[in-house]
There are 2 protein chains.
Amino acid sequence: MSAPKGWEAIRAEVLARIDRRDWAPGAVIPSEADLAEEFGVARATVNRALRELARQGVVERRRRAGTRVATHPVRKATLDIPVTRLEVEGRGQRYEFRLLERVFAAPPPVVAGRLGLAPGARLWHLRTLHFADGRPYLYEDRWLNPAPLPGRAPPAEAAQISINEWLVRNVAYTFGDISFSAEAAGEAEAAHLGIAPGAALFVIERTTWAGEVPITLVRLAYAPGYRLHTLL
Amino acid sequence: MSAPKGWEAIRAEVLARIDRRDWAPGAVIPSEADLAEEFGVARATVNRALRELARQGVVERRRRAGTRVATHPVRKATLDIPVTRLEVEGRGQRYEFRLLERVFAAPPPVVAGRLGLAPGARLWHLRTLHFADGRPYLYEDRWLNPAPLPGRAPPAEAAQISINEWLVRNVAYTFGDISFSAEAAGEAEAAHLGIAPGAALFVIERTTWAGEVPITLVRLAYAPGYRLHTLL
DNA sequence: GAGTGGTCTAGACCACCGG
DNA sequence: CGGTGGTCTAGACCACTCA
């Protein structure tokens, strides 16, 4: 046990009062100014504490309306989206990858649509198999817009660096979205990953953008046993 | 387009310099004091901007060592862990649930171990099926420690509120962990969800604690098609 | 030892928005 | 209108850690 100091102590005390139902869900808690006086600290310190609680979803804050205890404590979990190589090596396993395909082609309409590109636009299509200790670990299917790339082309097949690592080092993205789902393995995926068709795969789909320009859409299918973990 | 003011403008400018490779990955950027002078703002304003970038994983900060551009931009995604009822209703669907089982029993050793309880401890075991528009949506299998519960027992089977909602309103937890994976549906799950055994299920496992006291371990198996989505 | 980020203070002005 | 949170300032002290 260690007693927090400063704004963390304020946060802890406010949390404790919420937990004890001193301040019930939906209720308005005292204003920053009042709390600052009660705790004998500057308002900025209270503000920092309450801002953190708001970011965690414990309270909701609005000008004039004040700070309320969240009625439905939507807990927020922060996931680290790792670079595959570091994820594998972080478990003490040997990382390798093999580029299966690298072609310049027109994507299916659904892909073009997701990236907001005109039908008929041509993209790089890259398929990569990643290994952990020599065993298939992750099947990656990526569409890559040449426009924002230096040299307008991804690294050659012989490159020693994976597409993703090359991307994060060479093309800065400003935002994106990510989704997680479970899907049954298709024939091709199953063959690459060395599993039976229909097996349950953990799938991450991600799109990234640099301003208005789409960079990439990637589908990551993890071999059975993969688990994404984080603390609340 | 709108030009950000204040600390957001600082953050944007720093991000832009990183994107332009003015400041390369791994490089140390100027100190807060220097940036404050350059931008003509107080150091606290620069601090706020850099703190946000650090939270996003764009830069890494250490006392004395200064602020560095992250070499491996581990992007962090913030997931909202929703209450099932709100998640379903938020899509405009009708929510229902049915409590399948509510017994007081000794859990399997693996469950007791995960919760840090002695073998032989007895817990509530609750199995619930959740529906969206009348169709099976989520199969929930929960072990619940009676110790931290008001009345030492969960609500009766006839209750109109789901176990999870009752929990978040009546038992405050201080921390927990959560994991996401894909698993093949077992016989029982498949029957409840109305799908074929072996189908790919998205599974969330969560444990929560109130200080040193374990509260619950729950396994949520979502019907095929479920997708967790967030922005980066 | 010295430079960096981490935090706090006391005060101020502003944007928002409920009554 | 007036109260609330959002932010900024100028200054200060502290904690950490590198050289």
Side-chain angles (χ1 to χ4, degrees), chain A residues 1-15 17-18 23-71 74 76 78, chain B residues 1-15 17-18 22-71 73-74 76 78:
Chain A
M1 293 298 182
S2 70
K5 304 290 182 185
W7 70 267
E8 294 187 283
I10 308 294
R11 178 181 61 179
E13 175 59 21
V14 171
L15 247 185
R17 291 184 185 182
I18 292 173
W23 295 331
V28 178
I29 76 175
S31 73
E32 291 187 352
D34 289 348
L35 290 174
E37 185 180 3
E38 176 191 342
F39 293 126
V41 299
R43 184 167 77 94
T45 306
V46 174
N47 179 275
R48 176 77 189 272
L50 295 182
R51 184 162 19 100
E52 289 295 318
L53 290 174
R55 200 173 53 76
Q56 294 172 32
V58 176
V59 300
E60 295 166 356
R61 321 194 71 199
R62 269 160 43 211
R63 284 172 157 114
R64 168 69 203 187
T67 300
R68 291 176 175 277
V69 179
T71 42
V74 176
K76 294 183 164 70
T78 300
Chain B
M1 290 298 180
S2 68
K5 305 289 182 186
W7 69 268
E8 293 187 287
I10 308 294
R11 178 182 61 179
E13 174 58 22
V14 170
L15 246 185
R17 292 185 184 181
I18 291 173
D22 293 349
W23 296 331
V28 177
I29 76 176
S31 73
E32 291 187 353
D34 290 349
L35 290 173
E37 186 180 2
E38 176 190 343
F39 293 126
V41 300
R43 183 166 77 94
T45 305
V46 174
N47 179 276
R48 176 75 189 273
L50 295 182
R51 183 160 22 97
E52 288 296 317
L53 290 174
R55 200 173 53 75
Q56 293 173 30
V58 176
V59 299
E60 296 165 355
R61 321 192 70 198
R62 269 158 47 209
R63 284 172 157 113
R64 168 70 206 191
T67 300
R68 291 174 175 278
V69 180
T71 43
V74 176
K76 294 178 165 68
T78 300

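Throughout, a chain's letter reflects where its sequence line sits, starting with A, and its residues are numbered from 1. Remember, predicted model here, so these are calculated numbers, not experimental data.
Taking each heavy atom of A:W23 and A:L35 in turn, the nearest pair found is CH2-CD2, 4.0 Å. When all heavy atoms of B:R43 and B:A33 are compared, the closest pair comes out as CD-N, 4.0 Å. Between A:A70 and A:P25, the closest heavy-atom pair is O-CB, 3.9 Å. Here the closest heavy-atom approach between residue A:E32 and residue A:L50 is recorded as CG-CD1, 4.0 Å.
Distance, B:E37 CD to D:dA10 C1': 14 Å, rounded to whole Å. Taking atom CD of residue A:E52 and atom P of nucleotide D:dG5, one finds them 16 Å apart after rounding to whole Å. Regarding A:L35, its CG atom lies at a distance of 12 Å from the C1' atom of D:dG5, rounded to whole Å. The distance between atom CZ of A:R55 and atom P of D:dG5, rounded to the nearest whole Å, is 19 Å. Between A:R48 atom CZ and D:dT7 atom P there is a gap of 13 Å when expressed in whole angstrom units. Atom pair B:E8:CD and D:dT7:P shows a separation of 7 Å (rounding to whole Å applied). Straight-line distance from the CG atom of B:L53 to the C1' atom of C:dG5: 15 Å, rounded to whole Å. When the P atom of C:dC8 is taken as reference, atom CZ of B:R51 falls 10 Å away, rounded to whole Å.
Environment of CD in A:E38: crowded, with over 12 heavy atoms of neighbouring residues, nucleotides or ligands closer than 6.0 Å.
For the pair A:I10/A:V41, a side-chain contact is recorded, criterion being any heavy-atom separation below 4.5 Å from C-beta on.
Of the possible polar contacts, one joining the A:R68 side chain to the A:G26 backbone as a donor-acceptor pair under 3.5 Å is found.
In this model, the phosphate group of D:dG6 is approached by a side-chain N or O of A:N47 to a distance below 4.0 Å at OP1 or OP2. Close to D:dT9, at under 4.0 Å from its OP1 or OP2, lies a side-chain N or O of B:T45. At the phosphate of C:dG5, OP1 or OP2 sits under 4.0 Å from a side-chain N or O atom of B:T67.
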List every contact pair, protein side and nucleotides 13-17 of chain D side both N or O, where the distance is under 3.5 Å.
residue: D:dA15; atom: N3; partner: B:R63; partner atom: NE; Å: 3.2

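Nearest-nucleotide assignment on DNA chain D puts the 5′-proximal partner with A:I29, out of A:I29 and A:A44. Of the two residues contacting DNA chain C, namely A:W7 and B:D34, the nearest-nucleotide position lying further toward the 5' end is that of B:D34.
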